[in-house]
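Since the structure comes first, as structure tokens, the remarks are kept for the end.
These figures come from a predicted structure and were not determined experimentally.
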Number of protein chains: 2
Amino acid sequence: MIDDIDREIAGLLAEDARRSLTEVAGQVGLSTSAVNERVRRLVAQGVIRRFTLDVAPEALGLPVLALIWADVPHAREEAFRAFATSHPGITECHHVTGAWSYLIHLRAANLDGVEAFLGQMKGDGLIARSETMLALSTLRTAPLVPR
Amino acid sequence: MIDDIDREIAGLLAEDARRSLTEVAGQVGLSTSAVNERVRRLVAQGVIRRFTLDVAPEALGLPVLALIWADVPHAREEAFRAFATSHPGITECHHVTGAWSYLIHLRAANLDGVEAFLGQMKGDGLIARSETMLALSTLRTAPLVPR
DNA sequence: GTTGAAAATGCTAGCCT
DNA sequence: AGGCTAGCATTTTCAAC
């Protein structure tokens, strides 16, 4: 499937996706076109899902990160999933083991935004109960870097 | 600080960071060099923290996502932070309100990996107590896309 | 996987508004 | 001051080996 050189290439590009293929090629000891071919394959295989940016949420006016445990009524699970995948403020949504069914990461401009979100979800019957924690600070949000 | 065009540019690049500046320029209605200049500024200001990849964890052999609530002894907080920022399996670490002090996202190859992690942390006295939940499935892990 | 040449892209400087 | 145009340098892509 994928070998150590693929992992190395993905690691270098995860650190800085603007590195030229030539530079990467030098680091891994292959030719530019061999690297080009491997990157193409990694994208085709879905190993690389996208080339993207890591943006500072504060700079976008979204300093608040709310971690929301939620119970979703079985009957509304479909609707909940559709909503969660389309809402721009939801950066993550995991179906989890334990007392709650979902863990949602919500970015908001302020606490009113969090309250409005919960109000809407509950009003629409997408969430039955919830418990919210706030991130006081974030030590780390790292892209997954292959080793 | 940053205006709507900056947000639009960041949004386009967050969707696909390999878009050419020319393409972005066309979409936002500016010249290539104006866009180049703005991107440079966004990076310099720290709005764009890095150009990176979204890599499928499963493809890297890390299918397990553990969500770990942890209590860190006050005396070891410094050491905990140093460790958390350097461990490659920790993709996120937030200091949170509520019953626990930290929420850790840990990627592992299997449950043994999670156990080993907790064993090491507790052995080193970096975590006093913890509670772990597993992500059964992930509906969404989106990069924060400006709107 | 490699090499080398053609095409596309990004960079920079000077001009214009 | 910030955006535009054009020419130069780099990078990516493609074909033949």
Side-chain angles (χ1 to χ4, degrees), chain A residues 1-63 109 141-147, chain B residues 1-62 141-147:
Chain A
M1 288 278 297
I2 87 167
D3 64 16
D4 289 343
I5 296 182
D6 288 330
R7 244 181 292 274
E8 210 180 333
I9 291 170
L12 289 164
L13 291 176
E15 280 171 13
D16 177 7
R18 281 200 299 188
R19 274 197 244 263
S20 72
L21 297 180
T22 313
E23 186 188 337
V24 173
Q27 302 246 4
V28 303
L30 289 180
S31 69
T32 305
S33 18
V35 172
N36 188 21
E37 177 60 27
R38 278 168 181 267
V39 171
R40 182 182 286 296
R41 250 193 33 239
L42 291 171
V43 172
Q45 286 177 157
V47 175
I48 295 175
R49 288 197 287 225
R50 77 206 303 182
F51 285 72
T52 186
L53 302 183
D54 185 0
V55 178
E58 303 77 17
L60 298 176
L62 299 170
T141 336
L144 185 60
V145 175
R147 288 256 158 149
Chain B
M1 287 281 296
I2 88 168
D3 62 18
D4 288 342
I5 295 182
D6 288 329
R7 243 182 294 274
E8 208 180 334
I9 291 170
L12 289 164
L13 291 177
E15 280 171 12
D16 177 6
R18 282 201 299 188
R19 275 198 245 258
S20 73
L21 296 180
T22 312
E23 185 188 337
V24 173
Q27 303 247 3
V28 304
L30 289 181
S31 71
T32 306
S33 28
V35 172
N36 187 25
E37 177 59 27
R38 278 168 182 265
V39 170
R40 181 182 288 296
R41 250 194 33 239
L42 291 171
V43 172
Q45 287 178 155
V47 175
I48 295 176
R49 289 196 287 225
R50 77 207 300 183
F51 285 71
T52 186
L53 302 183
D54 183 1
V55 178
E58 303 77 17
L60 298 177
L62 299 170
T141 338
L144 185 61
V145 176
R147 290 257 156 147

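Comparing A:Arg18 and A:Arg38 against DNA chain C, the residue whose closest nucleotide sits nearer the 5' end is A:Arg38. For the pair A:Ser31 and B:Arg19, both in contact range of DNA chain C, the more 5′-proximal nearest nucleotide belongs to A:Ser31.
Heavy-atom neighbours of A:Arg41 CZ from other residues, nucleotides or ligands within 6.0 Å: above the threshold of 12.
Rounding to whole angstrom units, CZ of residue B:Arg41 and P of D:dA1 are separated by 14 Å. Protein atom CD of B:Glu37 is 16 Å distant from nucleotide atom C1' of D:dT5, rounded to whole Å. Between the CG atom of B:Asp6 and the P atom of D:dG2 there is a distance of 11 Å, given to the nearest Å. Here the P atom of nucleotide D:dG2 and the CG atom of B:Asn36 are 15 Å apart, to the nearest Å. Atoms CD1 (B:Ile9) and C1' (C:dG10) sit 15 Å apart, rounded to a whole Å. A:Leu21 places its CG atom 14 Å from the P atom of C:dG1, with the value rounded to the nearest Å. The nearest whole Å value for the distance from the CG atom in B:Asp3 to the C1' atom in D:dG2 is 12 Å. Between B:Arg40 atom CZ and C:dA13 atom C1' there is a gap of 13 Å when expressed in whole angstrom units.
Scanning atom types as modelled, one donor and one acceptor separated by under 3.5 angstrom connect the side chain of B:Ser33 and the base of D:dT5.
The heavy-atom pair separating A:Thr52 from B:Asp54 by the smallest distance is CG2-N, 4.3 Å.
The only option from A:Val39, A:Ile9, A:Thr32 that meets the side chain to side chain contact (heavy atoms under 4.5 Å, CB included) definition with A:Val24 turns out to be A:Ile9.
When the nucleotides D:dC4, C:dG10, D:dT13 are ranked by their closest atom to the side chain of A:Thr32, D:dT13 comes out on top.
Ion pairing between a basic and an acidic side chain is recognised when a charged N comes within 4.0 Å of a carboxylate O; B:Asp16 and B:Arg19 show no such pairing.
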